[in-house]
Amino acid sequence: MNYPQQIKETIEYLQERGIGQLDVAVILGTGLGRQFVDAMEISLEIPYEVIPHFPEATVEFHHGKLVYGTIGKKQVLAFNGRFHYYEGYTMREVTYPV
């Protein structure tokens, strides 16, 4: 399967689950993850492992969830956990969510 088709499938999957227009997207790591998500009014959480073509977060304390909701009046998508090249992923896999 080609890369543009993979991206299309990922986007369609997320849209079908209710993720829509965004004001902000943030990739969270160990230092900011829990506090940031705690500040959100969460509408939806999706584990990375069920999202088509997404890598899985393997670093301890990286929760591996896509979190959708609001902070104030801003629609936010938070990637709670990220992927690292040193985990054995390619740079394409590491940057896929972006």
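Here the structure is a predicted model, which means the values were calculated and not measured. Values reported hereafter were calculated over all heavy atoms of this structure, with side chains retained and with hydrogens, waters and symmetry mates removed.
- Inter-residue side-chain proximity for Q75 and Q21 is flagged as unmet; no heavy-atom pair is nearer than 4.5 Å.
- Between F79 and Y48, the two ring planes are tilted [angle within 30° to 60°].
- Note: D23 CG to L77 CG = 11.5 Å, rounded to the nearest 0.5 Å.
- Residues M40 and V76 approach most closely at CE-O, 3.8 Å, considering heavy atoms.
- To the nearest 0.5 angstrom, L22 atom CG is 12.0 Å from K74 atom NZ.
- Of the possible donor and acceptor atoms, none in the side chain of N80 sits under 3.5 Å from a partner among the backbone N and O of K65.
- A donor-acceptor pair is defined here as one N or O able to donate and one able to accept, closer than 3.5 Å; such a pair exists between the side chain of Y68 and the backbone of G20.
- With T90 contributing its side chain and E93 its backbone, the two residues share a donor-acceptor pair below 3.5 Å.
- Between L44 and R17, the shortest heavy-atom contact is CD2-O, 3.2 Å.
- Listed here is the closest heavy atom pair of G72 and T70: O-CB, 3.9 Å.
- Within the 4.5 Å cutoff, no side-chain heavy atoms of E41 are placed close to those of I71.
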Before giving the answer on side-chain contact (heavy atoms from CB on, under 4.5 Å), spell out for L28 and V67 the whole-Å C-alpha distance, their side-chain angles and the decisive distance to 0.1 Å. CA-CA 11 Å; L28 305 170; V67 183; over 6 Å; no

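- Side chains of E45 and L66 form no contact here, defined as non-hydrogen atoms less than 4.5 Å apart.
- With hydrogens and angles left out, the side-chain atoms of R92 and Y96 include no donor and acceptor closer than 3.5 Å.
- Looking only at distances, a side-chain donor or acceptor of T10 sits under 3.5 Å from a matching main-chain atom of P52.
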